K.L.:
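This structure is in structure tokens; I'll ask about it shortly.
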Amino acid sequence: MKAVIILPTYNEKENVHKLIPLLEEVVFPKVENHEMAILVADDNSPDGTADEIREFMKKWKNIDISQGPKHGLGAAYIRGMSYAIEHMGADVVFEMDADGQHDPMKIPDFMKKIDEGADMVIGTRYSGGGSIPANWPPQRKAFSIVANIFVRTVFTKFSIHDWTGGYRALKKEVFLKEKKELSNFKGYIFQISFLHKAIRDGFTIAEVPFHFSDRKLGSSKIAPVGYIIEVVKFVILTRIKELLLGSFGKYLVVGGFGFLLNAIILKIGVEFFNLTPTVANLAGAAVAIFSNYNFNNIWTFRHHKITSPKQYFIKLLHFYLTSAFGVIFIQTGTIFLGDILFGKEGYFLYFLIGTGLLLIWNFTIYNKFIWKKKSTQ
Ligand code: GDD
Ligand code: MN
């Protein structure tokens, strides 16, 4: 296979001066069975990075350069990866900072993971011996660690330890599949977004731990505050969209319909049949729960549909019991607690919070117990 190391550069003249000979003379000879090359994705750096590269191109024939306007790190990678695949015959492309923060001696480990069948290999600073610079101030360390825990938690993908880093190797198929969707991610957010899409599409991911060293020459191009806002926004919106388009969205639609049924039966019972509101509401709730059960079974959780008649009735009973438990203990319990802790005035707010918790509780129980993957039917 041919692997191309892509080095995005913006004013990294001194850094590439050190890194490229190291790659050519020390690292590449250690990679067996694969052809190695370098592509510099330079955004017309005013410091003359490109001139330095052109000098190297005279000495080593496996180096190329792609220049373009400065639209951000993601845009430089998209341009670079497209170039490496179309013009250099790359089967595998690497993402690597040009400033020496990514230990190039790890390249053979990345290639080994590719040989073992991984589609995408992620360099990780947060597991298996990986690390961040010891001399970073505590708040910078904390931010770096917390940001990654945040992304892992919101995406509920704990097996990936480093979402934001930029030391990676991937097969060209991964890039070609995601390229079109990635064109909106021009800055550093490219990294999280690319990895998220690759996982969504079922590509195999492996990790290589490495020590992220401190920058020695030149300066970082990241704008920390803007980046933090972008990460939080992207991760939360993506997750909400995913949930609403997935089973959680269907569950909300089914529940909304159940709520309507409940309300209609309550009104009809009271106004046309002269029932007391309590009795009419109990009838409405019973019908709503029955409707929820069936629509969830044939639509929301249809991949784990309950089909045998015996299981159907047992699970229906469970469904009634868990629904009642949720209303009494979760929803009403929240209102009760709010009332005794903070006073009666906020009762509607406690109701809203309780209902939110109830929705989450029910959804969790349905997923884990009623329509669990290996049901005993
Ligand atoms: N062509 C191009 N265009 N290159 C860029 C641009 C750009 O707009 N912005 C940054 N780069 C290059 C830099 O020249 C460097 O080689 C590499 O991308 C990384 O940029 P740094 O400015 O050194 O980033 P950092 O060290 O602060 O950020 C690190 O953490 C991020 C978040 O975890 C890097 O490891 C990033 O890759 C990582 O995403
Ligand atoms: Mn850097």
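The shown structure was predicted, so the numbers you read here are calculated from the model rather than taken from an experiment. As a basis for the values below, the full set of heavy atoms in this structure was taken, side chains included, without hydrogen atoms, waters or symmetry mates. Remember, it's 1-based here, ligands and their atoms both numbered in the order they're listed.
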K.L.:
Does Glu24 reach the side chain of Ile63, with side-chain heavy atoms less than 4.5 Å apart?
P.N.:
yes
K.L.:
Answer side chain, backbone, both or neither: which part of Ala41 comes under 4.0 Å from ligand 1, heavy atoms only.
P.N.:
backbone
K.L.:
How long is the straight-line distance from NZ of Lys177 back to CZ of Phe203, given to the nearest 0.5 Å?
P.N.:
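If we round to the nearest 0.5 Å, Phe203:CZ and Lys177:NZ are 6.5 Å apart.
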K.L.:
Looking only at distances, can you tell me whether any N or O atom of Tyr227, backbone or side chain, sits closer than 3.5 Å to an N or O atom of ligand 1?
P.N.:
no
K.L.:
Would you please determine whether Lys186 falls within less than 4.0 Å of ligand 1 on a heavy-atom basis?
P.N.:
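Judged by the 4.0 Å heavy-atom criterion, Lys186 does not count as contacting ligand 1.
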K.L.:
Output yes when the distance from some N or O of ligand 1 to some N or O of Ala98 is under 3.5 Å, and no in every other case.
P.N.:
yes
K.L.:
In the protein, which heavy atom is nearest to atom 8 (O) of ligand 1, and how far is it?
P.N.:
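Ranked first by proximity to atom 8 (O) of ligand 1 is Lys70 NZ, 3.0 Å.
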K.L.:
Between the side chains of Tyr83 and Asp64, is a donor N or O closer than 3.5 angstrom to an acceptor N or O?
P.N.:
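The answer is yes; a qualifying pair exists.
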K.L.:
Is there at least one pair of N or O atoms, one from Ala76 and one from ligand 1, spaced under 3.5 Å apart?
P.N.:
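No: no nitrogen or oxygen of Ala76 is under 3.5 Å from one in ligand 1.
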K.L.:
Got the closest protein heavy atom to atom 17 (C) of ligand 1, with its distance?
P.N.:
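Ranked first by proximity to atom 17 (C) of ligand 1 is Asp97 OD1, 3.7 Å.
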K.L.:
Mind checking whether His102 has a heavy atom under 4.0 Å from ligand 1?
P.N.:
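Heavy atoms of His102 do come under 4.0 Å of ligand 1.
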K.L.:
In the protein, what heavy atom is nearest to atom 22 (O) of ligand 1, and what distance, to one decimal place, separates them?
P.N.:
Lys221 N, 2.5 Å
K.L.:
Quick one: nearest non-hydrogen protein atom to atom 14 (O) of ligand 1, plus distance?
P.N.:
Glu12 OE2, 2.5 Å
K.L.:
Is Glu95 near ligand 1, meaning one of its heavy atoms is under 4.0 Å from it?
P.N.:
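False for this residue.
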K.L.:
Answer whether the closest heavy-atom distance between the side chains of Phe325 and Tyr320 falls below 4.5 Å.
P.N.:
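The answer is no; the side chains never approach within 4.5 Å.
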K.L.:
For atom 32 (C) of ligand 1, which protein heavy atom lies nearest, and how many Å away is it?
P.N.:
Thr164 O, 3.5 Å
K.L.:
Does an N or O from His71, backbone or side chain, lie closer than 3.5 Å to an N or O of ligand 1?
P.N.:
no
K.L.:
Please write down residue, atom name and distance for the protein heavy atom closest to atom 30 (O) of ligand 1.
P.N.:
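Result for atom 30 (O) of ligand 1: Arg125 NH1, 4.3 Å.
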K.L.:
Specify the protein heavy atom at minimum distance from atom 12 (C) of ligand 1: its residue, its atom name, and the distance to 0.1 Å.
P.N.:
Pro8 O, 3.4 Å
K.L.:
Are a donor atom and an acceptor atom from the side chains of Asp43 and Thr9 found within less than 3.5 Å of each other?
P.N.:
no
K.L.:
Do any nitrogen or oxygen atoms of Ser219 lie less than 3.5 angstrom from nitrogen or oxygen atoms of ligand 1?
P.N.:
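So ligand 1 has no N or O lying under 3.5 Å from an N or O of Ser219.
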K.L.:
Is there a side-chain contact between Glu12 and Leu19 in this structure, where contact means two heavy atoms from C-beta onward sitting under 4.5 Å apart?
P.N.:
no
K.L.:
Can a donor-acceptor pair be found between the side chains of Gln331 and Thr355 at a distance below 3.5 Å?
P.N.:
yes
K.L.:
Is there at least one pair of N or O atoms, one from Asp42 and one from ligand 1, spaced under 3.5 Å apart?
P.N.:
no
K.L.:
Looking only at the side chains, is there a donor atom on one of Tyr366 and Asn292 sitting less than 3.5 Å from an acceptor on the other?
P.N.:
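No.
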K.L.:
Would you mind finding which of Tyr188, Trp163, Tyr10, Tyr167 brings a heavy atom closest to atom 21 (P) of ligand 1?
P.N.:
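Nearest option to atom 21 (P) of ligand 1, by heavy atoms: Tyr188.
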K.L.:
May I ask you to test the Asn15-Leu7 pair for a side-chain heavy-atom distance under 4.5 Å?
P.N.:
no
K.L.:
If you check every N/O/S atom of Asp99, which is the one nearest the Mn ion (ligand 2)?
P.N.:
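The nearest such atom is OD2.
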K.L.:
Please identify which atoms of ligand 1 are closer than 4.0 Å to at least one heavy atom of Asp43.
P.N.:
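Heavy-atom distances to Asp43 below 4.0 Å select 1 (N), 2 (C), 3 (N), 7 (C), 8 (O).
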K.L.:
Side chains of Leu195 and Met120, heavy atoms from C-beta outward: is any pair under 4.5 Å?
P.N.:
yes
K.L.:
Would you check if there is a donor-acceptor pair between the side chains of Ser144 and Tyr126 at a distance under 3.5 Å?
P.N.:
yes
